[in-house]
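Atoms considered below: every heavy atom in the structure, side chains included; atoms not considered: hydrogens, waters and symmetry mates. Predicted model, so just to flag it, every value in this text is computed and none were measured. Residue indices begin at 1 and follow the sequence shown.
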Amino acid sequence: MTEAAIIARVLTSPLEVDASDWNALLAHQSHPTPFMRHEYLVALHESGCATPRTGWMPRFMTLWDGNTLVAACPLYVKSHSYGEYVFDWAWASAYEQHGVAYYPKAVVAVPFTPVPGSRLLARDADTRALLVKAVCQWCEDENVSSAHVLFASEADVQACCQQQLMLRHTVQFHWKNVAPTLGTGVSSLPPEGALAALGRPGSGSGLRFSSFDTFLASLTQDKRKKIRQERRRVADAGVRFRWARSRDISPHDWDFFYRCYERTYLEHGNPPYLTRDFFSRMAQHMPDAWLLFVAERDGQPIASSLIAISAFESSAGGQNEHQLVAYGRYWGALERVDCLHFEACYYQPLQWCIEHGVQRFEGGAQGEHKMARALLPVQATSAHWLAHPAFAEAVERFLEREDAGVAAYLEELEGRTPFRTSTQGVPNP
């Protein structure tokens, strides 16, 4: 396959790509997530969540070798920077102060979803580099100020570096189902096959936590005591939890979850990004991707949290591994109970992950408080191309300073591990 044989096509809707072709390409990547599935992107489009009306104009970039889809990415032209979680408001302000238009800009991203993973779907590394080149060329031709690949995988980052895009790093907090004997320092985002390569869960090493109590025993005394106190407060308030997964989540459960989700957004002064129709489409077309926790008191539901579950057999690099990952996504409550948020969003999901052999739980963007719950800092990366040479140079200098700050922050966080520095006396998982 030569570059001359590749044809680029820009599509105005994810519906213009065959679902099986898109999902097959996704499964071929090193770091697939359920949020890049065709069904997820179509649901965002058809429910009205990510459309030109909301400032997300789809212009999906696809590369074809004859009738075969060989590369693709979700590309949106935007008139604002909401719903991205990689904040560039200062860049937009600098453009405005100098009388230069920053919007429209383009993002290669999953709307409203700060989950790292494969964004540039491609058959191989060379084709992925062509995809980045095609995105930047299209932006230049269409007079779009910039292109931003958000929460990229390592393979995506390598392709972007080949095309001279600038890198930007942020910090997230993830939990790994790994006994602390292997170390718990800061790491970059691992590919889906990395755990097996390190002799970690998924390779038959038997190093997963056997129970929530075993997990607690691996923590320092103060962290262990704090978690037990927080869980006790919820239990003493008479709150009990139940969970449902996939098609066991009833329409009534979905309705109640959305009441909680919507109320949380409105309490913070903003309407929710996602509609009830979007979640109806998830229940219909991607039921296996969802796990719902419902908090009840006196037989009445009072709060809920929704977790996404990924189980991809990634064929990249010959791994052919079945990796189970959980993603903390949405929560809300109709009543206030002390420590209920921690129980619904961390302790219940972590307990479920341990009981069901989940390798990793990603807690979402930001939130240093998550370290006290054993979610450790992980570096997430985005890549950026700016058409304006002077602004590109200025942003590059800014990113160099910012990167030094992020590195120092990660180093400082690494010294605050919640795990015991010695495993003596820790039960064998």
Side-chain angles (χ1 to χ4, degrees), residues 19 23 27 32-44 46-47 49 112-113 115 175 177 208-212 231 234-235 238-264 272 274-313 322-335 337 340-364:
N23 288 337
T33 72
F35 313 104
M36 280 288 290
R37 287 188 62 87
H38 189 267
E39 296 89 339
Y40 190 90
L41 297 170
V42 167
L44 287 172
E46 292 203 304
S47 65
C49 298
F112 326 117
T113 310
V115 176
W175 175 86
N177 193 353
R208 296 183 186 132
F209 295 112
S210 60
S211 67
F212 195 85
R231 301 201 80 181
V234 176
V239 177
R240 299 294 181 266
F241 276 82
R242 64 177 175 87
W243 62 266
R245 186 181 178 188
S246 187
R247 297 194 184 278
D248 290 336
I249 305 175
S250 69
H252 178 74
D253 287 336
W254 281 109
D255 287 339
F256 174 72
F257 156 74
Y258 196 79
R259 283 179 61 201
C260 296
Y261 165 76
E262 183 180 43
R263 177 165 177 168
T264 297
L274 302 175
T275 64
R276 179 64 182 91
D277 181 49
F278 168 80
F279 289 106
S280 294
R281 294 173 186 275
M282 289 294 94
Q284 180 179 359
H285 300 296
M286 286 180 57
D288 293 343
W290 300 104
L291 168 67
L292 181 68
F293 293 92
V294 178
E296 298 178 334
R297 182 161 60 181
D298 298 328
Q300 297 298 316
I302 63 170
S304 63
S305 65
L306 187 64
I307 309 299
I309 304 293
S310 175
F312 280 96
E313 187 172 338
H322 200 65
Q323 297 287 336
L324 196 60
V325 182
Y327 308 87
R329 296 307 303 128
Y330 318 105
W331 112 286
L334 304 184
E335 296 183 18
V337 176
L340 181 58
H341 172 261
F342 298 137
E343 182 69 28
C345 296
Y346 302 116
Y347 306 142
Q348 287 290 325
L350 289 183
Q351 184 169 326
W352 190 93
C353 287
I354 292 170
E355 293 172 355
H356 292 81
V358 174
Q359 283 90 350
R360 189 170 73 253
F361 173 74
E362 299 191 7

Please tell me if the side chains of [X] and [Y] come closer than 4.5 Å, counting only heavy atoms from C-beta onward.
{"X": "Trp254", "Y": "Arg276", "value": "yes"}
{"X": "Pro34", "Y": "Trp290", "value": "no"}
{"X": "Ile249", "Y": "Phe279", "value": "no"}
{"X": "Cys353", "Y": "Trp175", "value": "yes"}
{"X": "Val234", "Y": "Phe241", "value": "yes"}

Working to the nearest 0.5 Å, report the span between [atom1] of [X] and [atom2] of [Y].
{"X": "Trp243", "Y": "Gln351", "atom1": "CH2", "atom2": "CD", "result": "11.5 Å"}
{"X": "Phe112", "Y": "Arg329", "atom1": "CZ", "atom2": "CZ", "result": "11.5 Å"}
{"X": "Arg37", "Y": "His285", "atom1": "CZ", "atom2": "NE2", "result": "12.0 Å"}
{"X": "Asp248", "Y": "Arg242", "atom1": "CG", "atom2": "CZ", "result": "10.5 Å"}
{"X": "Arg245", "Y": "Leu292", "atom1": "CZ", "atom2": "CG", "result": "13.0 Å"}

Considering all heavy atoms, the nearest [X]-[Y] contact:
{"X": "Ile354", "Y": "Ser210", "answer": "CG2-C, 3.9 Å"}
{"X": "Cys345", "Y": "Phe361", "answer": "O-CZ, 3.6 Å"}
{"X": "Cys260", "Y": "Leu334", "answer": "SG-CG, 4.1 Å"}
{"X": "Ala235", "Y": "Arg240", "answer": "O-NH1, 3.1 Å"}
{"X": "Leu44", "Y": "Leu274", "answer": "CD2-CD2, 3.7 Å"}
{"X": "Leu340", "Y": "Ala295", "answer": "CD1-CB, 4.1 Å"}

Donor-acceptor pair, distance only, cut-off 3.5 Å: does the side chain of [X] make one with the backbone of [Y]?
{"X": "Asn23", "Y": "His38", "answer": "yes"}
{"X": "Ser47", "Y": "Thr275", "answer": "no"}
{"X": "Gln359", "Y": "Val325", "answer": "no"}
{"X": "Tyr261", "Y": "Leu306", "answer": "no"}
{"X": "Arg360", "Y": "Ala326", "answer": "no"}

inquiry  = With salt bridge (charged side-chain N to carboxylate O under 4.0 Å, His left out) as the rule and sequence neighbours excluded, what pairs involving residues 280-289 come up?
reply    =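 Residue pairs passing salt bridge (charged side-chain N to carboxylate O under 4.0 Å, His left out), neighbours aside: Glu46-Arg281, Asp277-Arg281.
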task = Take Leu350 and Phe209 through the side-chain contact (heavy atoms from CB on, under 4.5 Å) test and state the conclusion after the steps.
result = CA-CA 11 Å; Leu350 289 183; Phe209 295 112; over 6 Å; no
message = With a 6.0 Å cut-off on the ring centroids, do Phe278 and Tyr40 count as close?
response =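 Close enough - the centres of the two rings lie under 6.0 Å apart.
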task = Assign the ring pair Tyr330 / Phe257 to parallel, tilted or perpendicular, where the plane angle (0 to 90°) is split at 30° and 60°.
result =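 Taking Phe257 first and then Tyr330, their aromatic rings sit tilted (interplane angle of 30° to 60°).
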task = Sequence neighbours left out, what passes side chain to side chain donor-acceptor pair (under 3.5 Å) with Glu343? Give chain and number order.
result =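 For Glu343 the side chain to side chain donor-acceptor pair (under 3.5 Å) partners, ignoring immediate neighbours, are Arg231, Gln348.
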message = List the residues meeting side chain to side chain donor-acceptor pair (under 3.5 Å) with Tyr347, not counting sequence neighbours, and say none if there are none.
response =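 For Tyr347, the residues satisfying side chain to side chain donor-acceptor pair (under 3.5 Å) (neighbours in sequence not counted) are Glu230, Arg373.
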inquiry  = Show, in sequence, the C-alpha distance, side-chain angles and deciding distance for Ile309 and Leu324, and conclude whether the side-chain contact (heavy atoms from CB on, under 4.5 Å) test is met.
reply    = CA-CA 7 Å; Ile309 304 293; Leu324 196 60; 3.7 Å; yes
